[in-house]
Amino acid sequence: TRGCLSEISLRELAKHNTKKDAWIALRGNVYNITHYMEYHPGGEDELMRGAGKDATDLFNQVHRWVNAESMLKKCLVGVLKKTWSLDV
Ligand code: HEM
């Protein structure tokens, strides 16, 4: 565990992969990007490429300079559970 933040498995994350319910994992943090969707400068479809996934690599490929951690501070829902955790 890490502080008071709940740990979210990749399986749980994968359930949130629609425009009306979209989560994304970036650098170990899980964010609810549903309401940010319409404000993303790259458009909804680009942002949706990372929905329900650990999109850290994809994010770094397109704009590693963007400070998502700061922009999405209020959208943080938890931390990504390490894949070597046994209780998925
Ligand atoms: C711009 C893709 C996630 C913030 C863009 C652009 C693309 C893109 C292609 C360029 C649009 C253009 O120049 O016309 C993606 C993909 C994402 C993703 C595939 C999912 C993995 C995010 C997230 C944030 C974000 C999570 C922040 C919360 C921005 C910002 C820009 C931008 C601020 C403008 C950057 C600039 O012009 O320097 N995105 N994005 N994006 N995106 Fe994303």
Side-chain angles (χ1 to χ4, degrees):
T1 58
R2 228 167 82 187
C4 299
L5 288 170
S6 64
E7 290 187 302
I8 295 156
S9 66
L10 284 169
R11 186 175 295 183
E12 175 64 22
L13 175 64
K15 295 174 186 168
H16 305 271
N17 65 342
T18 64
K19 283 191 180 177
K20 291 191 180 306
D21 175 20
W23 291 8
I24 195 171
L26 295 170
R27 297 168 187 159
N29 292 322
V30 177
Y31 302 97
N32 183 336
I33 49 168
T34 312
H35 301 291
Y36 174 68
M37 194 72 60
E38 61 178 303
Y39 302 105
H40 179 237
E44 301 193 357
D45 292 341
E46 279 293 326
L47 185 54
M48 279 304 292
R49 292 172 66 202
K53 302 173 190 166
D54 181 350
T56 305
D57 292 341
L58 179 58
F59 181 92
N60 287 338
Q61 281 164 33
V62 289
H63 44 39
R64 58 179 314 129
W65 58 88
V66 170
N67 193 343
E69 198 160 56
S70 155
M71 292 177 63
L72 297 175
K73 199 168 277 180
K74 290 179 176 170
C75 305
L76 185 67
V77 291
V79 294
L80 190 61
K81 188 178 279 184
K82 302 297 183 199
T83 47
W84 56 83
S85 288
L86 290 173
D87 49 328
V88 184

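Just so we're clear, the structure is a prediction, and the values are computed from it rather than from any experiment. Read the numbers this way: they start at 1 and go in the same order the structure lists the ligands and their atoms.
Heavy-atom neighbours of K19 NZ from other residues, nucleotides or ligands within 6.0 Å: above the threshold of 12.
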Query raised in the report: What do the steps show when you test L47 against Y36 for side chain to side chain contact (heavy atoms under 4.5 Å, CB included), and what is the final call?
Result: CA-CA 9 Å; L47 185 54; Y36 174 68; 3.7 Å; yes
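Not a single N or O atom of R49, backbone or side chain, sits closer than 3.5 Å to an N or O atom of ligand 1.
Considering only non-hydrogen protein atoms, atom 23 (C) of ligand 1 sits nearest to F59 CE1, 3.6 Å. Protein heavy atom in closest approach to atom 7 (C) of ligand 1: G42 CA, 4.0 Å. At the top of the distance list for atom 38 (O) of ligand 1, counting protein heavy atoms only, stands W65 NE1, 3.0 Å. For atom 3 (C) of ligand 1, the closest heavy atom belonging to the protein is L47 CD1, 3.4 Å. Annotation: atom 9 (C) of ligand 1 to nearest protein heavy atom, E46 OE1, 3.7 Å. Nearest protein heavy-atom neighbour of atom 4 (C) of ligand 1: Y36 OH, 3.2 Å.
Vertex atom 43 (Fe) of ligand 1; arms to H63 NE2 and H40 NE2; angle rounded to 10 degrees, 180°.
The ligand atoms of ligand 1 that sit less than 4.0 angstrom from a heavy atom of L26 are 26 (C). Per-residue contacts place A55 under 4.0 angstrom from the following atoms of ligand 1 (heavy atoms of the residue considered): 21 (C).
The residue among D45, V66, D54 with a heavy atom at the shortest distance from atom 35 (C) of ligand 1 is V66. Checking G50, P41, A68, A25 against atom 34 (C) of ligand 1, the nearest heavy atom belongs to P41.
Of all heavy-atom pairs spanning L26 and A68, the tightest one is CD1-CB, 3.9 Å. Of all heavy-atom pairs spanning D21 and K15, the tightest one is OD2-O, 4.3 Å. Taking every heavy atom of both residues into account, I8 and L13 meet most closely at CG2-N, 3.9 Å.
Inside a 4.0 Å radius of atom 41 (N) of ligand 1 there is at least one protein heavy atom. Under the 4.0 angstrom criterion, atom 13 (O) of ligand 1 counts as lacking any protein heavy-atom contact.
For the pair K74/N32, no side-chain contact is recorded, criterion being any heavy-atom separation below 4.5 Å from C-beta on. When side chains are defined from C-beta on, M37 counts as touching M48, because their heavy atoms get closer than 4.5 Å.
Relative orientation of the H16 and W23 rings is parallel, given thresholds of 30° and 60° on the angle between their planes.
Using a non-hydrogen distance threshold of 4.0 Å, Y31 does not register as a contact of ligand 1. Within the structure, the closest approach of L72 to ligand 1 falls below 4.0 Å when heavy atoms are considered.
Partner of V30 under the side chain to side chain contact (heavy atoms under 4.5 Å, CB included) criterion, chosen from L72, V77, L76, I24: V77.
For the pair R27 and E69, the salt-bridge criterion is not met [side-chain N within less than 4.0 Å of a carboxylate O].
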